[in-house]
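Encoded as structure tokens, the structure appears first; notes follow it.
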Amino acid sequence: MNNSIKKLIEDVLYKTCKESGISREHLPPIFINQPKKKEWGDLSTNLPFSLSQKTGKSASHIGKLLTSSLENEKLFSRVEFIPPGFINFFISSLYLKQTLKKILIQKEEFTQFSSGKGKKVQIEFVSANPTGPLHIGHGRAAAFGDSLANILSKVGYEVEREYYVNDVGGQIKRLFSSVWARLKELEGEKVSFPEDGYKGEYLIEIAKQVKKELGSKLSEIAKGVDLEKEIAKEEKINQITEGFSSEKKMAQKKREEKAESQILGLLGRFAVNEILKEIKVDLKVFGVRFDSWISESSLHQKKAIPEILSYLQEKNYLYEKDGALWFKTSLFLPGEEDRVLRRRNGDYTYFASDIAYHQDKLRRGFDRIIDIWGADHIGYVPRMKAAIQALGYPEKTLQVIIYQLVTLKRGKKRISASTREGKFIPLKEVLDEVGRDAARFFFLSRTCGSHLDFDLELAKKQTPENPVFYVQYAHARICSILENARENRIKIKNPDEVKLDLLTTPEERELMKELSLLPDEVYEAAKSLEPHRLTTYLQELATLFHQFYTRHRVISEDRELTQARLMLVKAIKIAIGDVLGLLGISVPQKM
RNA sequence: GCGCCUGUAGUUCAGUGGAUAGAACGUCGGCCUCCGGAGCCGAAGGUCGCAGGUUCGAAUCCUGCCAGGCGCGCCA
């Protein structure tokens, strides 16, 4: 089940060290990597260096000692100590052949691990406010989170993808009043657009729909408001004659406000739903699915926030000051400022509902929680981690991955990305221009810490030359070869019946070696939460395949060699398909 | 001002403290009698932002500068 070659080498090294009298506790972490030059073997380690630091013995002494006892391992055809402190491993062709067979038999299972087995992890990502369509930055988060979820399932985790809908708070109120203003505009009224409203044109479309679907209901409520105004006028007259009681005035104003908030609530909920629908469509087009959608308003309905506050109160993590209720962030993170959970006016802050939200997640029994946030939330991480501790969980239960924001450019011109101002390029448009696969590959080939420039012009221009097509082309080529074999009535045999020993050219060996490294790549991508390692791997594998393809024929007069090479390309096909699947990129038979 | 992130080829980016720093795109020059030329081969292109430090060894770790991004609300 465990196909990791690095793990195998590690185990052998541990064993050898033990036999040489070095106990496991004294062992530094073992790093095994691919050396830059072929002469330095397939894999190498600097263990003699690190051991010499630990034990005080010379690296050369340790290296020679380890190397001599490793020589008989079947895994290697050769093991060399190279001064000053490297051990280079040359993988035996026996192992490479076995690996090839394993891939053909196990298929996608070949990269499956069980290290996360029995553990539940939740990844929360995108979670864009339902105030407008997804833009390019959300695309980055979507590609990243989705792929990470795939990768973590590969190593055995039970993974849940969640989208948190922030449908409460200031930005939603602004959305409501913006739709309201657009609606009035549609009805020919001249209104001043709310200054802090959402100016994007998509709200005009939504206002049109509101008018179509809710028109009659709204006007009824609006009539109510007008009625109130009439009453108010009368009362003003009365005021002159018999004086105006402030009580009455207040009551009237309240009625007016109530009617207005009814309208806003009605069309607001409608707008939120419409926008969410569009977001879901965009995500579907991008190939991203969520297992769970949870809204902030549902937490309010469950009274989750007062509940969590009284829990924190009991623990003595809260205090009142200036009429507000504060959380002692500084208790957990010296240097951090305390934060307000309940405002002077009685409203809860976003932080308060976010604590309730994370408590809700933790109660659902996840062993790990991963939040993927944009860099604009960087300052928010420490207080959330403090909250996790206050809830009684170790800080590391929550991992926050911060991705740097995407700067959209067209040539040299920057396009600002403000949802509020409506000056942003929707993800949908980007996908129309460059395609889903290219966009995903672009996002996933970079570390999320990189501040990346997305040049639409360049992306479009590069599309035919895009690395993703290079990889997909390799897969399509293999499919074509296999098709060709079928047409020539070549029956593809079982791996056991094929003489894999015939795969002797350097290109074939390189390919087999690359294939045998795949499980480690997946494992390391999962461990470091870095999907981009896999795009790098795919490009390397595709390069090796294309090189092989131009230098050798798969289908030839030599029947046995043909069979062996068909095995090889089939294994490559499985590997490419598997990894593209993890990245959420389509795997074309033809292009 | 403080905090986090980033600075690597003309451009966009990879690069677990290891050996002579890589890829793609772009530029220049080659390769189709043959399973898909969306391919292959070659060349040019680098003070790894700057300056110190740590050590057998630094693009990588530490310190200080410089430049850019993002934060620093009883906004979300």
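Below, read A as the first sequence line, B as the second, and so on, with proteins coming before strands; counting in each chain starts at 1.
Base contact: A:Ile555 has a heavy atom under 4.0 Å from a base atom. Counting non-hydrogen atoms under 4.0 angstrom, A:Gln472 reaches nothing in the nucleic acid.
Atom pair A:Arg339:CZ and B:rA76:P shows a separation of 13 Å (rounding to whole Å applied). Rounding to whole angstrom units, OH of residue A:Tyr403 and P of B:rG71 are separated by 12 Å.
The A:Phe49 side chain lies nearest to B:rG18 when the options are B:rG18, B:rA76, B:rG37.
Nucleotide B:rC32 carries a syn base; the chi torsion (O4'-C1'-N9-C4 or O4'-C1'-N1-C2) is within 90° of 0.
Ring-centre distance between A:Trp40 and A:Phe86: not below the 6.0 Å cut-off.
Using P as the reference atom, B:rU47 and B:rA59 are 14 Å apart when rounded to the nearest Å.
Per the stacking criterion (ring centres < 5.5 Å, plane angle < 30°), A:Trp40 stacks onto the base of B:rA19. Remark: ring of A:His546 does not overlap the six-membered base ring of B:rA38 in a stacked fashion, as centroids less than 5.5 Å apart with planes less than 30° apart are not both met.
Proximity of A:Ile151 to A:Ser147: side-chain heavy atoms (C-beta onward) are separated by under 4.5 Å at one or more points.
Under 3.5 Å, the side chain of A:Lys527 and the base of B:rU16 form no donor-acceptor pair of N or O atoms.
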